[in-house]
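What follows is one structure encoded as structure tokens, with my remarks underneath.
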Amino acid sequence: MRKNGVNMIKISAKNVDVFYGKKQALFNINLDIEENQVTALIGPSGCGKSTFLRCLNRMNDVIDICKVQGEIVINDFNINDKGCDVVRLREKIGMVFQKPNPFPKTLYENISYGPTIHGMAQSKQEMDEIVETSLKKAALWEEVKDRLHEPGTGLSGGQQQRLCIARAISVQPEVILMDEPCSALDPIATAQIEELIDELKKEHTIIIVTHSMAQAARVSQRTGFFHLGELIEHGSTDKIFKNPDNTKTQDYITGRFG
Amino acid sequence: MSEAPHTVKSYEEELKNLNSNIIKMGGFCEEALGKAIQAITTRNSDHAESVIKDDEKIDKFETLIEQQVVNLIALRQPMAIDLRETVTALKISSDLERIGDLAKNISKRTLLLNENLPKNLVDALVRVSSNVQKQLKSILDAYLDRSSSMAMNVWESDEKIDDLTNLCMQEVIKYLKENEKNLDDGTHLLFVTKNIERIGDHTTNVAEQVYYLVTGEYLEGDRPKGTEPIVTGEK
Ligand SMILES: Nc1ncnc2c1ncn2[C@@H]1O[C@H](COP(=O)(O)OP(=O)(O)O)[C@@H](O)[C@H]1O
Ligand SMILES: [Mg+2]
């Protein structure tokens with residue numbers, strides 16, 4: 001793995017173009033994602049943040065008209081190569097979505113689902129442990145330990161989102177992708193997720209798409225600004241929010257757009 | 001400020017308003033310093049008294065600017081250039097407030113000075129003060145024009161003020177030694193000189209803020225220093 005200053009580079013996007021049919025959604029994106037850091041992707045709606053995020057675990061494969069070109073190198077391996085095992089890739093690169101989407105099953109089953117498919121537990125006891133640690137890491141254990149066999153859909157919005165995060169981390173991914181994970185949550189639930197993100201970055205590399213500039217500033221160490229399918233500027237969050245190089249970046253984060 | 005206006009007009013207005021209050025406050029400081037010096041050179045106590053009275057206006061601006069900054073931070077969460085505008089306004093206003101205080105102190109001492117001061121002392125004092133006045137004017141212009149090069153010039157010329165201050169103090173000390181009866185005058189003049197020099201220092205602080213405001217970077221390195229200041233009259 002290459003280094004960028006002090007941190008290792010976990011993911012390298014090289015000359016990435018994405019098309020939906022004839023319409024190009026991303027233009028020649030080059031971005032290094034640092035390991036054990038939180039990278040925030042910001043930009044106006046439709047600028048391609050989600051599209052880029054989906055490139056990182058080949059989620060665009062499920063969209064028929066979507067075509068991805070260029071390289072996404074993770075651990076020195078280009079995941080766009082034919083030989084890539086997509087199921088294993090998604091085990092390593094987990095994802096959390098905008099709306100909490102627990103399965104219509106019990107809390108326990110929500111978490112054990114992934115480890116079961118990936119054959120990660122040899123016994124009931126081992127699975128119990130995975131469920132417990134995942135919930136603990138997602139800061140949800142104390143709130144739900146007495147109702148593990150109740151449906152996940154019975155939780156509050158913030159709890160459901162933490163359940164989804166617990167589900168994502170149950171398979172020990174190296175990278176967690178989050179697409180506007182707090183946009184359906186109230187400020188307290190949002191703060192809990194943000195605190196959790198800070199905790200999770202010790203063991204995972206996190207990339208978060210957010211439409212809240214304040215959230216990007218709060219949770220991330222690196223920020224990338226997208227506009228009309230181009231990556232306009234990226235760098236330390238500090239720099240982007242105090243003294244960005246590009247006028248478009250400045251106009252966007254100071255609310256002077258369009 | 002950036003060329004493009006904010007999408008939210010009232011936010012734009014608030015930042016403009018903050019900016020114009022700094023300019024106004026700076027104008028009052030220039031006036032106070034000008035009058036304080038005139039009061040010495042022309043022995044006009046009306047000038048000195050108006051400086052003392054008007055300092056209240058400058059203090060009020062500081063309070064107003066502080067409230068505006070707190071409101072902007074709490075309600076608008078300024079970022080990038082807006083953040084730098086907001087934070088530097090707070091710091092600049094506190095330097096300007098000190099400049100006002102020092103001008104007031106000069107005026108209070110002026111009222112106690114003998115009517116007939118030796119010309120060479122007044123001249124030495126004017127040499128320092130006219131430089132400081134020029135600096136203050138330049139830095140307010142630099143703020144208005146968002147000019148980092150002008151700010152840098154002001155910052156670099158502080159050295160000259162330090163040197164002129166020391167020359168002036170040497171003159172006053174010589175006077176003190178030769179006129180033991182005029183101990184009061186000599187002491188007041190030492191403080192007046194020191195106060196003018198400190199106004200220069202606050203002007204240099206403002207220069208650092210203007211430079212940061214415009215470039216987002218801090219002026220690097222030690223402040224330019226003239227000869228070591230004389231603190232006491234002893235050798
Ligand atoms: N499934 C899709 N089919 C066709 N076009 C899409 C699809 N998803 C996204 N796009 C288009 O790609 C562009 C980028 O969208 P998206 O990545 O969702 O932006 P963001 O997440 O920044 O709001 C938009 O113009 C959008 O209309
Ligand atoms: Mg999106």
Side-chain angles (χ1 to χ4, degrees), chain A residues 5 38-47 49 182-183 186-188 190-191 194 208-228 230-258, chain B residues 1-20 22 68-92 142-143 145-149 151-152 155 207-220:
Chain A
V38 180
T39 298
L41 306 180
I42 59 171
S45 293
C47 67
K49 305 178 294 291
C182 301
S183 59
D186 68 34
I188 306 276
T190 299
E194 288 180 3
I208 177 172
V209 166
T210 171
H211 60 234
S212 157
M213 246 93 63
Q215 178 167 67
R218 286 192 301 262
V219 301
S220 73
Q221 290 73 50
R222 312 282 304 170
T223 296
F225 168 61
F226 284 78
H227 180 47
L228 298 174
E230 287 182 73
L231 178 61
I232 304 293
E233 182 170 355
H234 62 98
S236 82
T237 298
D238 204 45
K239 163 106 174 105
I240 300 280
F241 286 98
K242 283 190 336 209
N243 190 21
D245 287 328
N246 192 289
T247 339
K248 272 187 203 151
T249 316
Q250 169 133 298
D251 285 351
Y252 179 68
I253 63 174
T254 58
R256 289 179 163 90
F257 232 58
Chain B
M1 262 173 255
S2 178
E3 308 79 60
H6 284 91
T7 309
V8 180
K9 286 203 195 73
S10 52
Y11 182 21
E12 182 79 10
E13 286 306 312
E14 284 168 29
L15 281 170
K16 277 196 181 136
N17 199 254
L18 181 67
N19 193 61
S20 81
I22 291 281
Q68 290 182 316
V69 167
V70 169
N71 280 342
L72 275 163
I73 292 175
L75 307 177
R76 304 290 190 188
Q77 292 101 36
M79 301 274 196
I81 181 67
D82 302 337
L83 178 64
R84 305 205 302 273
E85 289 274 358
T86 309
V87 172
T88 55
L90 184 66
K91 296 199 76 174
I92 292 174
Y143 179 77
D145 296 347
R146 298 293 183 266
S147 165
S148 56
S149 60
M152 175 89 100
W155 190 74
E208 287 173 353
Q209 291 304 311
V210 173
Y211 189 87
Y212 174 69
L213 165 62
V214 179
T215 64
E217 276 153 29
Y218 297 101
L219 273 168
E220 292 281 340

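Computed over heavy atoms, backbone and side chain alike; hydrogens, waters and symmetry mates excluded. Chain letters run A, B, ... following the sequence lines, proteins first and then strands; every chain starts at 1.
One distance of note links CD of Q250(A) with CD1 of I81(B); it measures 5.5 Å at 0.5 Å rounding. Atoms CG and NE2, from D251(A) and H6(B) in turn, are 8.5 Å apart once rounded to the nearest 0.5 Å. Distance check: I253(A) CD1 to Q77(B) CD gives 13.5 Å after rounding to the nearest 0.5 Å.
Other residues, nucleotides and ligands contribute over 12 non-hydrogen atoms within 6.0 Å of the NZ atom of K239(A).
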Start with the C-alpha distance between D82(B) and R256(A), add both sets of side-chain angles, then the distance that settles side-chain contact (heavy atoms from CB on, under 4.5 Å), and finish with yes or no. CA-CA 11 Å; D82(B) 302 337; R256(A) 289 179 163 90; 3.0 Å; yes
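Scanning both residues, Y11(B) and T254(A), for their nearest heavy atoms gives CE2-O, 4.0 Å.
Between the side chain of N243(A) and the backbone N or O of T215(B) there is at least one donor-acceptor pair closer than 3.5 Å.
Two residues are said to be in side-chain contact when any heavy atoms from C-beta on lie closer than 4.5 Å; M213(A) and M79(B) meet this criterion.
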